[in-house]
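Heads up, the thing below is written out as structure tokens.
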Protein chains: 2
Amino acid sequence: MRDARSTPARPDAQRNRERILAVALTELTRAADTPVSVIARKAGVGQGTFYRNFPNREALVLEVYRYEMRQVADSAAQLLADRPADRALREWMDRLARYAMAKAGLADALRAATSGHGSLAQVGHGPVTEAITLLLAANEAAGTIRAGVSPDDFLLAIAGLWQLDPHSDWEPRAARLFDLVTDGLRAGAPGVERMPRHPDQRASG
Amino acid sequence: MRDARSTPARPDAQRNRERILAVALTELTRAADTPVSVIARKAGVGQGTFYRNFPNREALVLEVYRYEMRQVADSAAQLLADRPADRALREWMDRLARYAMAKAGLADALRAATSGHGSLAQVGHGPVTEAITLLLAANEAAGTIRAGVSPDDFLLAIAGLWQLDPHSDWEPRAARLFDLVTDGLRAGAPGVERMPRHPDQRASG
DNA sequence: ACCTGAACACCGTTCAAGT
DNA sequence: ACCTGAACACCGTTCAAGT
């Protein structure tokens, strides 16, 4: 492993690392249990080179998954600029769901590699938590959710997402989960006296 | 594997199976990655005997975890006999949380063994789903939750439970999750006009 | 029938040898 | 410095040989 403070890697070494990551994304999405040896071979490097770049298999999987999560996380700011806070939150959840399902192979790889420590939802921790913080703050300010809900609370409430089977008809189940969570967040919010139960349902980003 | 229709096993063979299960419960709770060879040895049998009783490691872990889940599931009926429906539901969730945390080692073993298929929450499927069905029906009848929530919806909403770290201060986080879910279930329920947000908090079974 | 334990297949990780 | 790939350690599963 090489950190930001050390001498920059030789360009060819740099490229090795990137190739490994690219191959890992493709390969682990297809089959979560692809051996390190196969990933190394397809990336055109020896196993030793793999372990020069990553301390172990888990570190690789984590980095790949983290990168993917950051993509969704980063879209939150834009959504908030375009729509009312409650619509932005719901659209973001929908995107998260699509991402989580598209990368389910990766998620399995992560579960297998990190069994025991580190839960799936908290992987993008930096970016994802930031995104949720933004979304919750905007909604709290708009009076569309109650105060005092932490990003951690929110993540825990939607954790069921990662239990859905991407090969199944997961959309309605995710929608029902989001409806329930939305109602839970709304309960006791200042802007809510007699509100329809989950009005976002009729909309589609 | 031997199913119910075949000739009953010899008493000594029967005892082997039970010893394996007992050792597995202890050992997997302590360390989720205990090898099959160790479990077999501590149970006093050869590896071949292990595989005569279980098709693979996953089947063992599943059977142990399923048995543990059934314990919690079966307590639902009694709770409903003793208390109002909403209190019974909350107390049952609290018990489920304590069980899930106590058996976290087992849960890890299961995650590792079944990575890809079968989510943790749905393992006890038979008994657990039955228990939830009872609890939801009673609450719907009492007007304390809205109609049309399936056991599957409920399981998805509390799935975050299995992400908590049993070595951490998980109780308040579980409580906040349950509060949010309770509010979500309550939204739009007939018996609710102006209800306190989550009144169960002040109570303790 | 049922049991044992050595043998097999396979994977993650390391390291001696090379450039 | 960095790379390669054979070697090592370890685990799940099978199977020949025994009772």
Side-chain angles (χ1 to χ4, degrees), chain A residues 1-21 23-24 27-28 30-64 108-117, chain B residues 1-21 23-24 27-28 30-64 108-117:
Chain A
M1 271 294 251
R2 130 179 324 277
D3 75 337
R5 268 169 300 287
S6 46
T7 323
R10 285 207 231 137
D12 56 324
Q14 176 72 10
R15 233 164 307 131
N16 278 341
R17 187 186 168 75
E18 280 156 19
R19 273 215 306 277
I20 292 170
L21 284 168
V23 169
E27 228 53 39
L28 291 176
R30 185 183 350 247
D33 54 359
T34 311
V36 164
S37 59
V38 170
I39 293 173
R41 177 150 23 94
K42 294 210 177 185
V45 302
Q47 323 226 108
T49 301
F50 175 90
Y51 282 97
R52 164 171 280 268
N53 283 281
F54 303 92
N56 49 40
R57 180 192 171 86
E58 175 180 348
L60 169 72
V61 180
L62 237 155
E63 181 152 339
V64 175
D108 287 338
L110 197 59
R111 253 188 292 265
T114 67
S115 230
H117 48 281
Chain B
M1 272 294 251
R2 129 180 323 280
D3 74 337
R5 266 169 302 286
S6 45
T7 323
R10 294 202 314 217
D12 55 324
Q14 175 73 9
R15 233 165 307 131
N16 278 341
R17 186 185 167 76
E18 280 156 18
R19 272 215 306 277
I20 292 171
L21 283 168
V23 169
E27 227 55 40
L28 292 175
R30 185 184 349 247
D33 53 359
T34 310
V36 164
S37 58
V38 170
I39 294 174
R41 177 149 25 93
K42 293 209 175 184
V45 301
Q47 322 225 108
T49 301
F50 175 90
Y51 283 97
R52 164 172 281 269
N53 283 280
F54 303 91
N56 50 38
R57 179 191 172 86
E58 175 181 346
L60 169 72
V61 180
L62 237 155
E63 180 152 340
V64 175
D108 287 338
L110 197 60
R111 253 189 290 265
T114 68
S115 231
H117 47 281

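Below, all heavy atoms of this structure are taken into account, side chains as well, without hydrogens, waters or symmetry copies. Proteins come first, then strands; the chains are lettered A, B, ... in the order of their sequence lines, and each starts at number 1.
No donor-acceptor distance shorter than 3.5 angstrom exists from the side chain of A/Thr49 to the backbone of A/Val45, with no hydrogens or angles considered.
To the nearest angstrom, C1' of C/dG5 lies 16 Å from CZ of B/Phe50. Computed from coordinates, the B/Ile20 CD1 to C/dC2 P distance equals 13 Å when rounded to whole Å. Between A/Leu60 atom CG and C/dG12 atom C1' the separation is 13 Å, expressed in whole Å. When the P atom of C/dA9 is taken as reference, atom CG of B/Asn56 falls 20 Å away, rounded to whole Å. One can place CZ of B/Arg52 at 5 Å from P of C/dC2, the figure rounded to the nearest angstrom. Note: CZ (B/Phe54) to C1' (D/dC11) measures 19 Å, nearest angstrom. Spacing between atom CD1 of B/Ile39 and atom C1' of D/dG12 amounts to 12 Å, rounded to whole angstrom units. Taking atom CZ of B/Arg17 as the reference point, atom C1' of C/dC2 lies 15 Å away to the nearest angstrom.
For the pair A/Ser37 and A/Thr49, both in contact range of DNA chain C, the more 5′-proximal nearest nucleotide belongs to A/Ser37.
With salt bridges taken as basic N to acidic carboxylate O contacts below 4.0 Å, one links A/Glu63 and A/Arg17. Looking at B/Glu18 and B/Arg15, no side-chain N of the basic residue comes within less than 4.0 Å of a carboxylate O on the acidic one, giving no salt bridge.
The side chain of B/Pro35 approaches D/dC11 more closely than any other nucleotide in the set D/dC11, C/dG12, D/dT13. Comparing C/dG12, D/dT13, D/dC2 against the side chain of B/Val36 picks out D/dT13 as the nearest.
When Watson-Crick and G-U wobble pairs are counted only if both distances are under 3.5 Å, D/dG5 pairs with C/dC15. Searching all strands for a Watson-Crick or G-U wobble partner of C/dC10 with both distances below 3.5 Å returns nothing.
For the OP1/OP2 pair of C/dT14 and a distance below 4.0 Å, the side-chain nitrogens and oxygens of A/Tyr51 include no atom meeting the criterion. Neither OP1 nor OP2 of C/dC2 sits under 4.0 Å from any side-chain N or O of B/Asn16.
Remark: the B/Gln47 side chain and the C/dT4 base include no donor-acceptor N/O pair separated by less than 3.5 Å.
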How far apart are the C-alpha atoms of B/Leu60 and B/Leu21, what are their side-chain angles, what is the distance that settles it, and do they pass the side chain to side chain contact (heavy atoms under 4.5 Å, CB included) test? CA-CA 7 Å; B/Leu60 169 72; B/Leu21 283 168; 4.0 Å; yes
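No side-chain heavy atom of B/Phe54 sits under 4.5 Å from any side-chain heavy atom of B/Val36.
Using a 4.0 Å heavy-atom distance criterion, B/Asp33 is classed as making no nucleic acid contact.
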